[in-house]
Amino acid sequence: MIPAIEIREVHKRFGSLHALRGVDLTVERGEFFALLGPNGAGKTTLINILAGLSRATQGCGRVMGHDVVVDYRDARRALGVVPQELVYDAFFTVREMLRFQSGYFGLRKNDAWIDELLHNLGLTDKADIYTRLLSGGMKRRVLVAQALVHKPPVIVLDEPTAGVDVELRQNLWEFIRRLNRDGHTIVLTTHYLEEAETLCSRIAMLKQGQVIALDTTHNLLSAHAAVQVRLKLNPNRLPDVLRPLLAAEKAGCFNLVLNDYSGLEAVLATLREASVVVDVLEVSKPDLEEVFLRIMGQAGKEAAR
Ligand SMILES: Nc1ncnc2c1ncn2[C@@H]1O[C@H](COP(=O)(O)OP(=O)(O)OP(=O)(O)O)[C@@H](O)[C@H]1O
């Protein structure tokens with residue numbers, strides 16, 4: 001089956017800045033995929049290339065099999081992009097803008113879908129208001145509606161929840177999840193890593209224009225599955241033999257990192273032998289945010305070598 005998105009050896013240069021350095025990515029149909037990376041990693045540049053807003057210096061991109069340059073119109077029709085920046089036309093009402101956008105894609109009788117979008121995005125009572133009069137969060141909802149107006153099979157959301165309140169965030173994800181269940185492919189960039197962790201089944205991490213990690217969310221989390229243990233001890237002294245496990249000492253507690261849960265038994269036995277009493281014991285697994293920081297840190301160290 002033709003993938004939803006294919007990116008082959010894409011480079012992008014802005015003058016002397018090499019913003020994308022040979023990015024290769026395939027997103028299969030029906031995936032809920034996250035594109036993560038620190039500020040300036042190249043996420044928006046990659047999305048702009050897919051949306052035909054910017055041209056790759058080298059390499060090619062395809063959306064549902066359509067080349068984003070050679071077959072621009074079909075590629076664009078297959079894609080709905082929620083941009084990061086709040087761009088809107090100040091002199092249209094929300095409904096007029098969605099009708100206008102439908103016309104752009106050659107859709108005349110689109111009101112039923114427009115009404116459904118307005119309802120799902122909590123915009124029904126704003127339909128006849130000029131977009132310039134909406135709050136920032138409301139404008140972002142309109143951008144989501146605009147991206148979905150032609151029911152594209154592939155939806156790319158570039159930080160859609162920045163500046164959006166908790167309630168809409170939940171409604172929005174519920175709606176996007178539904179679209180994904182209905183077969184739409186979703187690609188998400190976000191700096192809220194807990195959102196990516198709960199929603200996305202596969203993740204690519206970008207750093208300085210290169211993909212430095214690409215795997216399922218499950219594999220990324222389990223590959224960095226070190227167990228973290230926070231201990232408050234009485235007396236407040238860590239036996240020397242446990243020192244190599246010490247990651248940090250904070251607020252009178254020792255934070256140890258173990259490879260897996262089986263290491264915990266040995267730690268407790270050592271403490272018992274040393275007649276040290278455990279006052280507090282907390283065990284936790286790293287979340288995607290910690291895994292992300294670790295992967296970014298490792299890539300930084302390797303680059304410095
Ligand atoms: N039109 C442009 N002209 C020159 N440089 C650009 C242009 N667009 C992007 N860049 C540069 O390319 C690099 C990648 O930027 P990009 O916006 O793709 O990053 P990003 O991963 O989306 O970051 P963020 O998380 O901050 O949105 C940055 O160094 C940025 O300054």
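Read the numbers this way: they start at 1 and go in the same order the structure lists the ligands and their atoms.
- Protein heavy atom closest to atom 1 (N) of ligand 1, with residue, atom name and distance, is Phe14 CE2, 3.6 Å.
- Per-residue contacts place Glu159 under 4.0 angstrom from the following atoms of ligand 1 (heavy atoms of the residue considered): 25 (O), 27 (O).
- Among all protein heavy atoms, the one lying closest to atom 25 (O) of ligand 1 is Lys43 NZ, 2.8 Å.
- The protein heavy-atom contact nearest to atom 15 (O) of ligand 1 is Thr45 OG1, 3.7 Å.
- Val187 is not connected to Phe32 by any chain of hydrophobic side-chain contacts under 4.5 Å among Ile, Leu, Val, Met, Phe, Trp and Tyr, and they are in different clusters.
- Distance check on atom 29 (O) of ligand 1: some protein heavy atom falls below the 4.0 Å cut-off.
- Rounded to the nearest 0.5 Å, atoms CD (Gln208) and CZ (Arg21) are 6.5 Å apart.
- For atom 17 (O) of ligand 1, the closest heavy atom belonging to the protein is Thr44 CB, 3.7 Å.
- With a 4.0 Å cut-off on non-hydrogen atoms, Pro38 touches ligand 1 through its backbone and not its side chain.
- Taking any N or O of Gly40, backbone or side chain, at least one lies under 3.5 Å from an N or O belonging to ligand 1.
- Scanning the protein heavy atoms around atom 26 (O) of ligand 1, the nearest turns out to be Asn39 ND2, 2.8 Å.
- Clustering ILVMFWY residues whenever any of their side-chain heavy atoms sit less than 4.5 angstrom apart, transitively, puts Tyr192 in a cluster other than the one holding Leu199.
- The one candidate from Ile47, Thr44, Leu157, Leu36 that meets the side-chain contact (heavy atoms from CB on, under 4.5 Å) condition with Thr189 is Ile47.
- Interface atoms of ligand 1 facing Ala41, defined by a heavy-atom separation under 4.0 Å, are 19 (O), 20 (P), 21 (O).
- Leu46 and Met296 fall into different hydrophobic clusters, where Ile, Leu, Val, Met, Phe, Trp and Tyr residues are linked whenever their side-chain heavy atoms come under 4.5 Å apart, directly or through other members.
- Atoms of ligand 1 lying under 4.0 Å from any heavy atom of Gln84, numbered from 1 in the order shown and given with element: 27 (O).
- Here's the thing with Leu17: none of its N/O atoms is less than 3.5 angstrom from an N/O atom of ligand 1.
- The distance criterion of under 3.5 Å between nitrogen or oxygen atoms is met by Gly42 with respect to ligand 1.
- Under a cut-off of 6.0 angstrom, the local environment of CZ in Arg243 is crowded, with over 12 non-hydrogen atoms contributed by other residues, nucleotides or ligands.
- Using a 4.5 Å cut-off between side-chain heavy atoms of Ile, Leu, Val, Met, Phe, Trp and Tyr, with links allowed through other members, Val278 and Val227 fall into the same hydrophobic cluster.
- Interatomic distance, CG of Asp24 versus CG of Leu214, reported as 10.0 Å (0.5 Å rounding).
- Atoms of ligand 1 lying under 4.0 Å from at least one heavy atom of His191, given by number and element, are 25 (O).
- There is a path of hydrophobic side-chain contacts, each under 4.5 Å, that joins Tyr261 to Leu231.
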